[in-house]
**Student:** 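Sharing a structure below in structure tokens format, with a few things to ask.
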Amino acid sequence: MIVRILGEGQLEIDDSAVTELNELDAKLEAACEGNDETAFTVALDNLLSRVRAIGRPVEDDALEPSELILPQQDATMDEVRKLLSDDGLIPG
Amino acid sequence: MSVMKRVSMIFRAKANKTLDRLEDPRETLDYSYQSQLELLQKVRRGVADVATSRKRIELQMNQLEQSSGKLDKQARDALSAGREDLAREALSRKSGVQGQLADLQTQYTSLQSEEEKLTGASQRLQAKVDAFRTRKETIKATYTAAEAQTRINEAFTGISEEMGDVGLAIQRAEDKTEQMRARAGAIDELMASGALDDVVSGPRDDIQAELDRMGASHDVDHELEQMKTELGQGSAPRELEGSAGPAESPAPAAQPADRQQAGEGQ
């Protein structure tokens, strides 16, 4: 499974890691819903750290779309909301 | 639903929208390739812009560091001349300069990381654009309508996601450099106004002016003392100063020196 971290590129991750990542993602989701910026930052950092730890970089010239896309490291809750609510935010 | 999944769906929806707009799949390939090249240009300009901003900050940091060093020296000079008030003023300005420096250091680090990220993004996009071009030519050469659409969609969706990512990175970098420009401009203005002690501000530097004035009068005293010594009268005034003797005493001591000088001149 290919996962992209915005601003960093794509990583290949074993499918077996999905459950673990989903748990971390659920915390991110909860922080978003609870409007808790601190919890959001922590949850995002945990999620990204884990993906970086278990992921192998995908070749630069690969043209595969990612199954999952994660916000960039310094993303704020507001930025993520915009990303999700308005597809006009993505340029190109 | 999962944040990760939702973000990826947004990216994919964006790609599909473009695909739907174009009727001939081969047209999709050429159209996409064009926008890839444009984006590559844009990301390279982005890297250059961030680098320019970073260098400007670097320059300002150097100026502020020199300024801080100069104020430190002035404080020492003032203190050794017994002017604690002047030393205090110099140190308080130095602390202001240090504050600006710390702030700039933070900005500098952030710009540096932005530059690295954009450089990486530019390299990844370049590799993907090259791969896309090869794939595009292959598909066109062996084009059969039945299979082409799928292969085109695959290639397009893959690169479209990269382009969306790079586009976002460029936007973030642009926002940061814009903020940085505003800050750098503000610091330049502060330096120009003299509120921040600029190294080249010479005439406006009142602390230095005061130190120079004190230094000059000290030099005159010192020279006078030396002349008196040469003329064999050097020890007299020193003794008088030390003993806090009668106020009229220095006058007779000085008079013979004047007469002697006048005599030499004839």
Side-chain angles (χ1 to χ4, degrees), chain A residues 1-11 13 17-19 21-33 40 43-44 47-48 50-51 57-77 79-92, chain B residues 1-18 32 35-36 38-39 42 110 113-114 116-118 120-121 123-136 151 153-173 175-176:
Chain A
M1 173 177 68
I2 294 177
V3 176
R4 174 182 293 273
I5 299 177
L6 288 179
E8 290 180 34
Q10 294 174 303
L11 296 159
I13 285 177
V18 167
T19 318
L21 293 185
N22 273 337
E23 278 166 23
L24 291 169
D25 188 43
K27 286 187 183 142
L28 189 68
E29 183 81 13
C32 248
E33 272 163 17
F40 173 85
L44 181 58
L47 182 56
L48 295 186
R50 195 62 198 140
V51 168
V58 172
E59 290 295 318
D60 280 354
D61 60 0
L63 289 174
E64 303 293 319
S66 313
E67 197 145 324
L68 302 171
I69 298 183
L70 287 118
Q72 72 275 14
Q73 175 76 54
D74 61 356
T76 61
M77 219 153 52
E79 282 174 313
V80 172
R81 282 205 193 100
K82 276 188 195 148
L83 203 60
L84 291 174
S85 63
D86 174 22
D87 60 346
L89 184 76
I90 307 168
Chain B
M1 199 207 298
S2 143
V3 176
M4 314 187 279
K5 194 76 208 163
R6 267 154 71 198
V7 176
S8 79
M9 280 172 68
I10 298 271
F11 272 78
R12 212 161 292 198
K14 174 97 183 166
N16 288 337
K17 223 189 218 168
T18 313
S32 173
S35 26
Q36 288 162 30
E38 280 163 26
L39 189 62
K42 209 172 161 189
S110 142
S113 108
E114 210 58 46
E116 274 165 27
K117 275 189 226 156
L118 266 196
Q123 280 162 2
R124 283 194 298 274
L125 182 62
Q126 176 71 67
K128 281 193 165 45
V129 169
D130 290 345
F132 186 88
R133 195 191 55 225
T134 311
R135 181 103 54 113
K136 171 169 87 86
R151 291 171 63 196
N153 286 3
E154 276 169 13
F156 180 79
T157 312
I159 199 145
S160 162
E161 180 187 306
E162 187 71 31
M163 290 169 76
D165 188 356
V166 170
L168 283 171
I170 294 174
Q171 276 182 1
R172 284 196 298 272
D175 288 350
K176 275 207 176 139

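A note on names: the letters A, B, ... follow the listed sequences, proteins ahead of strands, and every chain is numbered from 1. FYI, side chains are in, hydrogens and waters are out, and symmetry mates aren't considered; it's all heavy atoms of this structure.
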**Student:** Under 4.0 Å between a side-chain nitrogen and a carboxylate oxygen: does that hold for A/Asp61 and B/Lys128?
**Tutor:**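 Salt bridge flag = no for B/Lys128 with A/Asp61.
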**Student:** Quick one: CD1 on A/Ile69 to CE on B/Met9, what's the gap to the nearest 0.5 Å?
**Tutor:** 11.5 Å
**Student:** So which part of A/Leu24 gets closer than 4.5 Å to some heavy atom of chain B, the side chain, the backbone, both or neither?
**Tutor:** neither
**Student:** Heavy atoms, side chains only, cut-off 4.5 Å: are A/Arg4 and B/Asp165 in contact?
**Tutor:**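 The answer is yes, as the side chains (C-beta and beyond) meet within the 4.5 Å cut-off.
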**Student:** In Å and rounded to the nearest 0.5 Å, what is the NZ to CG distance from B/Lys136 to A/Leu63?
**Tutor:**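 If I round to the nearest 0.5 Å, the distance is 13.0 Å.
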**Student:** Between A/Val3 and chain B, which part of the residue has a heavy atom less than 4.5 Å away: side chain, backbone, both or neither?
**Tutor:**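 For A/Val3, no heavy atom lies under 4.5 Å from chain B.
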**Student:** Work out which heavy atom in A/Leu84 is nearest to a heavy atom in B/Val3; give both atom names and the distance.
**Tutor:** CD2-O, 4.3 Å
**Student:** Has B/Arg124 got a side-chain atom pairing as donor or acceptor with A/Glu8's backbone, closer than 3.5 angstrom?
**Tutor:**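 Flag set: sc B/Arg124 to bb A/Glu8 pair under 3.5 Å.
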**Student:** Taking NZ, NE, NH1 and NH2 as the nitrogens, is one of them in B/Arg6 or A/Glu29 under 4.0 Å from a carboxylate oxygen of the other?
**Tutor:**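 Counted as a salt bridge, because a side-chain N and a carboxylate O are separated by less than 4.0 Å.
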**Student:** With rounding to the nearest 0.5 Å, note down the distance linking CG in A/Leu70 to OG in B/Ser8.
**Tutor:**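 So the gap between those two atoms works out to 9.5 Å.
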**Student:** Rounded to the nearest 0.5 Å, what separation is found between the OG atom of B/Ser2 and the CG atom of A/Leu21?
**Tutor:**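 Spacing of OG (B/Ser2) from CG (A/Leu21) equals 9.5 Å.
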**Student:** A side-chain contact here means heavy atoms from C-beta on lying under 4.5 Å apart; do A/Glu64 and B/Glu161 qualify?
**Tutor:** no
**Student:** Contact part of B/Glu154 toward chain A, heavy-atom cut-off under 4.5 Å: side chain, backbone, both or neither?
**Tutor:**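 For B/Glu154, the contact with chain A is made by the backbone alone.
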**Student:** Taking only Lys NZ, Arg NE, NH1 and NH2, and the carboxylate oxygens of Asp or Glu, determine whether B/Arg172 and A/Glu79 approach each other closer than 4.0 Å.
**Tutor:** no
**Student:** Is there a side chain to side chain contact (heavy atoms under 4.5 Å, CB included) between B/Ile10 and A/Leu83? Walk through the geometry before answering.
**Tutor:** CA-CA 8 Å; B/Ile10 298 271; A/Leu83 203 60; 5.9 Å; no
**Student:** For a 4.5 angstrom cut-off between non-hydrogen side-chain atoms, does B/Leu168 reach A/Leu6?
**Tutor:** yes
**Student:** Under the side chain to side chain contact (heavy atoms under 4.5 Å, CB included) criterion, do B/Lys117 and A/Gln72 qualify, and how do the steps go?
**Tutor:** CA-CA 11 Å; B/Lys117 275 189 226 156; A/Gln72 72 275 14; 6.0 Å; no
**Student:** Checking B/Glu38 against chain A: side chain, backbone, both or neither under 4.5 Å from a heavy atom?
**Tutor:** neither
**Student:** Do the non-hydrogen side-chain atoms of A/Leu47 and B/Met4 ever get within less than 4.5 Å of each other?
**Tutor:**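 They are in contact (side-chain heavy atoms under 4.5 Å apart), so the answer is yes.
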**Student:** Does any backbone or side-chain atom of A/Glu59 lie under 4.5 Å from a heavy atom of chain B? Answer side chain, backbone, both or neither.
**Tutor:** backbone
**Student:** Most heavy-atom pairs under 4.5 angstrom with chain B, which of A/Ser66, A/Ala62, A/Cys32?
**Tutor:**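 Max contact count across the listed options: A/Ser66.
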